[in-house]
Amino acid sequence: MAFRNLLNLLLAVSIPLASLGQSKDTPPKNWFNLDLEQDGVMGISTEKAYNLLLKDKESTPVVVAVIDGGVDVQHEDLRDVIWVNVQDSAATGSDADGNGYINDKYGWNFIGNANGENVHYDNLEVTRLVRELEPRYVSVLPSTALDGEERREFAEYQKMVTYYANKTQEARMGQISYLGLKRAVDSIVNKIGKENPTAADFDAYKSNGDLERMALHVIKKELKDEPDFSKFYKQVTEGVEYFNNQVNYHLNKEFDPRHIVGDDYEDSSDRYYGNADVTGPDADHGTHVAGIIGAVRDNDIGIKGVADNVRIMVLRTVPDGDERDKDVANSIRYAVENGAKVINMSFGKAFGKDKQAVDDAVRFAAENDVLLVHAAGNDGQNNDETPNFPNRNYVDSLGINKGEAPTWIEVGASQWTNDGDLVASFSNYGRRSVDVFAPGVKIHSTMPGSTYEDQQGTSMAAPVVAGLAALIRSYYPELPATEVKRIIMQSVTRVNQRVKVTGPDGRNMRVSMNDICVTGGVVNAYKAIQLAEAAVSKGRK
């Protein structure tokens, strides 16, 4: 493939990496907890709240459920805040507390089996749905006479097939691009003869052929923003892995790992399956999320989570691929039944299989005074027009809206500079469907093996808000979930300037924050604590 075509192809694919393509600057490590006036970054003023409003105030522990891909429960900055089910913490092989889950010491893993095997990779939901519906509709013509329900399902199937085809093409393009880039980079580095070359080494290198010229162009561009070549190379290898996984697992209709779990998958009422391994084969994402919520603040190591008195309950539900609605519903129910007061859900997908099962679980959470915090997604899309699942809307079997969950908060991602680039370039948005924005760019947090790393996404923004909710519920336990939601939404730092987002035609456009979220602002812990104190004081009179 010619140099120009390959370069254009590389730049055209969605880049799934941690820090490419966002900001040239580097914020303070703890920026999401800092204050705009005091520190010059658009954090949520957590430190200010602790120093000026919460000093010497008593708090009670709040259980926060992290529904994710697993958490390293032995991490140095997390092990002291991990929830422990004391009644069933011993590995006896029997269900000591009678909740249906054997030895669920730290939570539960809904994507494993009783023999200790775990699902690592899975399909996207659209792949599973196309595979399920294809035998019924692949030969059906648009002119074929179908009854009302079949006609509706066939129309949905056609949308899925189009989406699946586009995702497959994008994945294969990305796979070709990143494999080509990695091979060329490896060739250049091998010829330079250094394990970690500098920008000067690449400037002095004379490329040989189109692929090396393409790679050299990309390397020089990226090293201007991040001079450490090893970080760039890590991102390239992650890009190769990402697109390989897309092709081999996420979009591969021949791949279906559900037999590992061994449940009756079509029975949404089937709840008692899985195992107690809450870490699993890949706990990167969940460990990072857990640290943002509640990494120990006063141990002089690692990072500072938002909340200072939490217990992290771990629900392993999200594989490398799309989570399944049945597992999400069961995770929510487990969290509620075992004492969680806040649930963080840093996952999402373009299609749902059994939304009603999830809706019933969400309704159960709301009825039991539990706040649910969900990431808006990283497609740069308007969620008002293109739904992201799960979401706050209850629907019936025909998909007709039947109301909204009153204790649901949807979160978009922001960055640290209070200017037109405040909204993260990847973040989804929605005037009606996204409630607030929160820090989600270059967030430094915990990683497996007692390590730390920057990551970004609405997956990082949601736990900032979940941590804030836990903070409020810890110091003001008398406030119900609906009131905590009101306080979080009414205490945002409102953004007056117009901000840049991706429009429906793929081009950037400048909009008011009021046009892309319900509150028009970024969450603020200091203002939230002030409102919580006022609400509680008023109730005591």
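Along the sequence shown, residues are numbered consecutively beginning with 1. Values reported hereafter were calculated over all heavy atoms of this structure, with side chains retained and with hydrogens, waters and symmetry mates removed. Since the structure is predicted, the reported quantities are computational estimates derived from the model, not experimental observations.
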What I'd like to find out is whether the side chain of [X] reaches to under 4.5 Å of the side chain of [Y], using heavy atoms alone.
| X | Y | value |
| --- | --- | --- |
| Cys517 | Arg431 | no |
| Ile529 | Tyr476 | yes |
| Tyr394 | Glu404 | no |
| Arg316 | Val66 | no |
| Val522 | Val492 | no |
| Met460 | His288 | yes |
| Asn33 | Val306 | yes |
| Leu129 | Glu156 | no |

Let's go through Glu337 and Phe364 carefully: what are the C-alpha distance in whole Å and the side-chain angles of both, what is the deciding distance for side chain to side chain contact (heavy atoms under 4.5 Å, CB included) to 0.1 Å, and is it a yes or a no?
CA-CA 10 Å; Glu337 291 172 351; Phe364 177 68; 4.0 Å; yes

Is there a donor-acceptor contact under 3.5 Å from the side chain of [X] to the main chain of [Y]?
| X | Y | answer |
| --- | --- | --- |
| Asn115 | Glu117 | no |
| Arg311 | Ala65 | no |
| Trp416 | Pro439 | no |
| Asp72 | Gln74 | yes |
| Ser512 | Asn514 | yes |
| Asp77 | Ile303 | yes |
| Asn275 | Ala114 | no |

Polar contact flag, side-chain donor to acceptor under 3.5 angstrom, [X]-[Y]:
| X | Y | value |
| --- | --- | --- |
| Ser433 | Asp384 | yes |
| Asn344 | Ser346 | yes |
| Gln381 | Asn383 | yes |
| Asp354 | Ser268 | yes |
| Thr493 | Asn524 | yes |
| Asn118 | Asp277 | yes |
| Asn85 | Asp97 | yes |
| Glu153 | Tyr137 | yes |
| Ser427 | Thr458 | no |
| Tyr272 | Asn99 | no |
| Asn103 | Asp88 | yes |
| Asn391 | Lys355 | yes |

If the threshold is 4.0 Å, N to carboxylate O, is there a salt bridge linking [X] and [Y]?
| X | Y | result |
| --- | --- | --- |
| Glu132 | Lys353 | yes |
| Arg258 | Asp122 | no |
| Lys402 | Asp359 | no |
| Glu254 | Arg131 | no |
| Asp325 | Lys349 | yes |
| Glu453 | Lys442 | no |
| Arg432 | Glu385 | no |

Measuring centre to centre across the rings, with the benzene-like ring taken for any Trp, is Tyr101 within less than 6.0 Å of Phe110?
yes

Taking it one step at a time, do Val411 and His374 satisfy side chain to side chain contact (heavy atoms under 4.5 Å, CB included)?
CA-CA 6 Å; Val411 187; His374 184 249; over 6 Å; no

Of all the heavy-atom pairs spanning [X] and [Y], show the shortest one and how long it is.
| X | Y | value |
| --- | --- | --- |
| Trp408 | Pro390 | CZ2-O, 3.8 Å |
| Val499 | Leu422 | CG1-CB, 4.2 Å |
| Pro281 | Val119 | CG-O, 4.3 Å |
| Arg297 | Thr46 | NH1-CG2, 4.3 Å |
| Ser59 | Ser474 | CB-OG, 3.1 Å |
| Gly412 | Val434 | N-CG1, 3.7 Å |

Could you give the distance from [atom1] ([X]) to [atom2] ([Y]), rounded to the nearest 0.5 Å?
| X | Y | atom1 | atom2 | result |
| --- | --- | --- | --- | --- |
| Ser445 | Lys304 | OG | NZ | 14.5 Å |
| Arg392 | Thr407 | CZ | OG1 | 10.5 Å |
| Asn388 | Glu410 | CG | CD | 6.5 Å |
| Leu54 | Tyr475 | CG | OH | 5.0 Å |

I need the single residue from Asp267, Asp360, Asp270, Asp264 that forms a salt bridge (Lys or Arg N to Asp or Glu O under 4.0 Å) with Lys326. Which is it?
Asp270

List the steps and the verdict of side chain to side chain contact (heavy atoms under 4.5 Å, CB included) for Thr127 and Tyr164.
CA-CA 7 Å; Thr127 307; Tyr164 173 78; 3.6 Å; yes

In terms of relative ring orientation, are His250 and Tyr242 parallel, tilted or perpendicular, with 30° and 60° separating the classes?
perpendicular

With Lys48 as the cation and Tyr526 as the aromatic partner, state whether NZ or CZ is under 6.0 Å from the six-membered ring centre and within 45° of the axis.
yes

Quick one: do Val370 and Val342 satisfy side chain to side chain contact (heavy atoms under 4.5 Å, CB included)? Show the steps, please.
CA-CA 6 Å; Val370 177; Val342 179; 5.9 Å; no

Tell me, please, which residues at least two apart from Tyr334 pass side-chain hydrogen bond (donor to acceptor under 3.5 Å, both in side chains).
Asp104

Side chain to side chain contact (heavy atoms under 4.5 Å, CB included) against Pro477, all qualifying residues, sequence neighbours excluded
Thr60

Could you check Arg473 against Asp369 for salt bridge (charged side-chain N to carboxylate O under 4.0 Å, His left out), going step by step and ending with a plain yes or no?
CA-CA 11 Å; Arg473 304 206 81 170; Asp369 192 38; 2.6 Å; yes

Applying ring pair (Phe, Tyr, Trp, His ring centres under 6.0 Å) to Tyr163 and Phe351, what does each step give before you reach the verdict?
CA-CA 10 Å; Tyr163 182 90; Phe351 294 90; 5.1 Å; yes

